[in-house]
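Note sheet for the following structure.
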Amino acid sequence: MKKYRVGILGATGMVGQRFACILADHPWFEVTVLAASPNSKGKTYRKAVEGRWKLDIPMPEKLGDIIVRDVQDIEDVIKDVDFVFSAVDMKKDEIKSFENAYAKTETPVVSNNSAHRWTEDVPMVIPEINPEHCEIIEAQKKRLGTKRGFVAVKPNCSIQSYVPALNAWKEFEPYEAIISTYQAISGAGKNFESWPEMVGNIIPYIGGEEEKSEKEPLRIFGHIEGDKIVPAQEPKIACQCIRVPVLNGHTATVFVKFRKNPTKEQLIEKLVSYSGVPQQLGLPSAPKQFIQYMEEDNRPQVQLDVNYENGMGVSIGRIREDSIYDWKFVGLSHNTMRGAAGGAVELAELLCAKGYIPYKD
C-alpha cells in the first residue's frame with residue numbers, strides 16, 4: 001500500500017522520541033517531517049537529540065539525517081505530510097490553539113497531549129474500547145470549517161492499566177471503584193539520569209493526574225449526543241496517583257463494586273476473550289490479545305510483563321474477593337507505548353483504516 005507521509009511535532013522530547021522509534025519502520029506510515037522548537041531548527045535529528053536521548057533503546061538511524069523543522073512554521077511542515085502526531089511541550093491553552101491551527105490547514109492531528117481531551121467534539125479514543133467516538137469528527141470539522149482537518153486524542157497513560165478491564169466487565173455493571181496508580185518516571189518525560197532524586201524514592205503527588213484518572217474513563221465510556229460526547233455517569237472512581245522509581249510501566253491496584261456480581265471465572269473469561277475493532281481490522285500496532293490474565297500471585301510485574309505484546313497489551317492479575325468491595329485486582333500497562341505514543345499510533349491506524357484520514361494527493 002501507499003504509505004502515509006507523517007510528521008512528528010515535538011520530535012525531540014521523550015514522547016516524540018518514542019514516536020520516532022515506533023514509526024521508523026512502520027508498514028503504513030513514513031516519517032517525512034520532524035519538527036521541534038526553534039532551538040533545534042536546521043539541525044539533523046541526530047544532532048538535535050544528542051545528549052538528550054531518554055529512551056532505553058537507540059535512536060533510529062534512518063531518521064538521524066532528517067533536518068528538524070520549526071514546529072511553529074506550520075506552512076513549512078504541512079506541505080510534506082498527510083497528517084501529524086503531536087507531542088509538543090507547551091501550556092495547555094497554547095497546545096489547543098496550536099493543534100487547531102494545524103487542523104485548519106486541512107492536516108489531521110493525532111495528539112498525545114491532554115489539551116483537547118475535554119473539547120466536546122474531539123474524540124478521545126482507546127481503539128479497542130470506544131472507536132465509535134471517531135464519528136464526532138464530522139461535527140468537529142463543521143465547527144472548524146474544514147473538509148479534512150481535525151484533532152483526535154488518546155487518553156491519559158495511567159488509565160490504560162484498569163479501564164480495559166472495567167470495559168471488559170461492563171455487562172456486570174461496575175458502579176464504583178477505588179484505584180491507586182503507581183506510575184513510572186517516563187510518564188513525566190524523565191529517566192533516572194535526569195531525575196536522580198527518584199532513585200529509591202516515592203513521591204505521593206502527580207499534578208492533575210488524579211482528576212484525569214477519575215474523569216477520563218467516564219468520557220471514554222460515554223456516548224455521542226448531537227455535536228458532543230456526553231460522559232457516562234458510572235462507575236464512580238476515586239483515585240490516588242503515586243510516582244515510583246520505575247522507568248516504564250504504570251501499575252494500578254483496583255477495588256470494584258458490581259450491580260451484577262460475577263464469579264472469578266466469569267471475570268477472567270471476559271478479560272482473555274476481549275477483542276476490539278483493531279484486532280478485527282488487523283491494525284499493525286494492535287496486540288493480538290489485548291488483555292492477558294496472569295494466574296501467579298506475584299504477577300504482573302514491571303520487569304517481566306511491561307513489554308507484553310510489544311508494550312501494547314494490558315496485563316491483569318490477582319483477581320480476588322474483597323472484604324468491603326466485591327472484587328480487587330492489579331493491572332499493568334506500558335505508559336509510553338500503550339499509554340502514549342503507541343496508543344496514538346494505533347489510533348492513527350484506526351482513523352486511516354476507517355477513512356477519516358485520506359491521502360492529501
Side-chain angles (χ1 to χ4, degrees), residues 92 95-96 111-130 133 136 153-170 172-188 202-225 228-244 246 249-259 267 291 314-316 318-319 322 324-336 338-340 343-344 347:
K92 191 169 288 189
I95 293 173
K96 269 181 135 174
S111 180
N112 179 72
N113 297 305
S114 64
H116 269 298
R117 289 184 194 155
W118 287 92
T119 303
E120 291 181 330
D121 57 11
V122 169
M124 179 175 71
V125 177
I126 297 176
E128 283 85 356
I129 295 177
N130 61 327
H133 283 195
I136 200 68
V153 301
K154 52 142 289 294
N156 196 45
C157 53
S158 66
I159 73 173
Q160 317 276 338
S161 51
Y162 56 90
V163 163
L166 295 177
N167 192 67
W169 298 332
K170 62 184 177 183
F172 305 125
E173 299 180 18
Y175 68 93
E176 190 175 298
I178 299 290
I179 299 167
S180 290
T181 59
Y182 303 87
Q183 300 185 205
I185 63 173
S186 58
I202 285 176
I203 297 177
Y205 173 72
I206 307 171
E209 202 74 5
E210 289 169 359
E211 182 181 11
K212 295 174 188 175
S213 299
E214 293 172 354
K215 304 292 187 187
E216 288 188 17
L218 297 176
R219 190 166 196 259
I220 290 167
F221 296 148
H223 64 280
I224 296 174
E225 278 187 21
K228 64 183 179 180
I229 295 169
V230 178
Q233 296 299 305
E234 291 181 340
K236 304 292 187 188
I237 297 172
C239 192
Q240 290 195 110
C241 299
I242 297 170
R243 190 73 72 193
V244 295
V246 166
H250 288 354
T251 299
T253 59
V254 185
F255 300 76
V256 192
K257 287 183 180 178
F258 295 94
R259 286 203 171 81
L267 291 172
I291 307 170
V314 176
S315 301
I316 304 294
R318 300 203 69 210
I319 292 178
D322 185 60
I324 298 175
Y325 279 61
D326 294 323
W327 294 93
K328 53 191 171 185
F329 69 93
V330 177
L332 171 67
S333 60
H334 195 305
N335 57 293
T336 66
R338 164 57 67 177
L347 172 54

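Note that the structure is predicted; figures quoted are calculated from it, not measured. The figures that follow rest on heavy atoms only: side chains count, while hydrogens, waters and symmetry mates do not.
- Remark: Asp326 pairs with no residue by the salt bridge (charged side-chain N to carboxylate O under 4.0 Å, His left out) rule, at least two apart or across chains.
- Listed by chain and number, the residues in a side-chain contact (heavy atoms from CB on, under 4.5 Å) with Lys236 are Gln233 (sequence neighbours excluded).
- Scored by the side-chain contact (heavy atoms from CB on, under 4.5 Å) test, Thr253 finds Ser180, Tyr182, Val330 as partners (sequence neighbours excluded).
- With values rounded to the nearest 0.5 angstrom, Phe221 atom CZ is found 14.0 Å from Ile229 atom CD1.
- Looking at residues two or more places apart in sequence or on another chain, you find a side-chain contact (heavy atoms from CB on, under 4.5 Å) between Ile178 and Ala238, Phe255, Tyr325.
- Glu225 meets the side-chain hydrogen bond (donor to acceptor under 3.5 Å, both in side chains) test with His223; sequence neighbours excluded.
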Compile the donor-acceptor pairs under 3.5 Å between side chains in residues 162-170 and protein atoms, sequence neighbours left out, one pair per line.
from   : atom 1 : to     : atom 2 : distance (Å)
Tyr162 : OH     : Ser213 : O      : 2.8
Asn167 : ND2    : Tyr274 : OH     : 2.6
Trp169 : NE1    : Leu267 : O      : 2.9

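- Scanning for side-chain hydrogen bond (donor to acceptor under 3.5 Å, both in side chains) contacts around Gln240 gives an empty result, with sequence neighbours left out.
- For Arg117, the salt bridge (charged side-chain N to carboxylate O under 4.0 Å, His left out) partners at least two apart in sequence or on another chain are Glu216.
- Between Arg338 atom CZ and Ser315 atom OG the span is 11.5 Å, to the nearest 0.5 Å.
- Partners of Lys212 according to the salt bridge (charged side-chain N to carboxylate O under 4.0 Å, His left out) rule, which considers only residues two or more places apart in sequence or in another chain, do not exist here.
- For Glu173, the salt bridge (charged side-chain N to carboxylate O under 4.0 Å, His left out) partners at least two apart in sequence or on another chain are Lys260.
- With sequence neighbours excluded, the residues satisfying side-chain contact (heavy atoms from CB on, under 4.5 Å) with Tyr175 are Glu234, Lys257, Arg259.
- Between Ile242 atom CD1 and Ile202 atom CD1 the span is 7.0 Å, to the nearest 0.5 Å.
- Going from atom NE2 of His334 over to atom OG of Ser161 covers 13.0 Å, rounded to the nearest 0.5 Å.
- For the atom pair Ile95 CD1 and Asn113 CG, the distance stands at 4.0 Å (nearest 0.5 Å).
- Of all the heavy atoms in His133 and Met124, the pair that sits closest is ND1-O, 4.4 Å.
- Shown here are the side-chain hydrogen bond (donor to acceptor under 3.5 Å, both in side chains) partners of Lys328, two or more places apart in sequence or in another chain: Asp322.
- The main-chain N or O of His116 is never found under 3.5 Å from a side-chain atom of Lys96 such that the two would form a donor-acceptor pair.
- Side chains of Glu209 and Asn156: a donor-acceptor N/O pair is present below 3.5 angstrom, by distance only.
- Using a 4.5 Å cut-off on side-chain heavy atoms (C-beta onward), Ile206 and Arg243 make contact.
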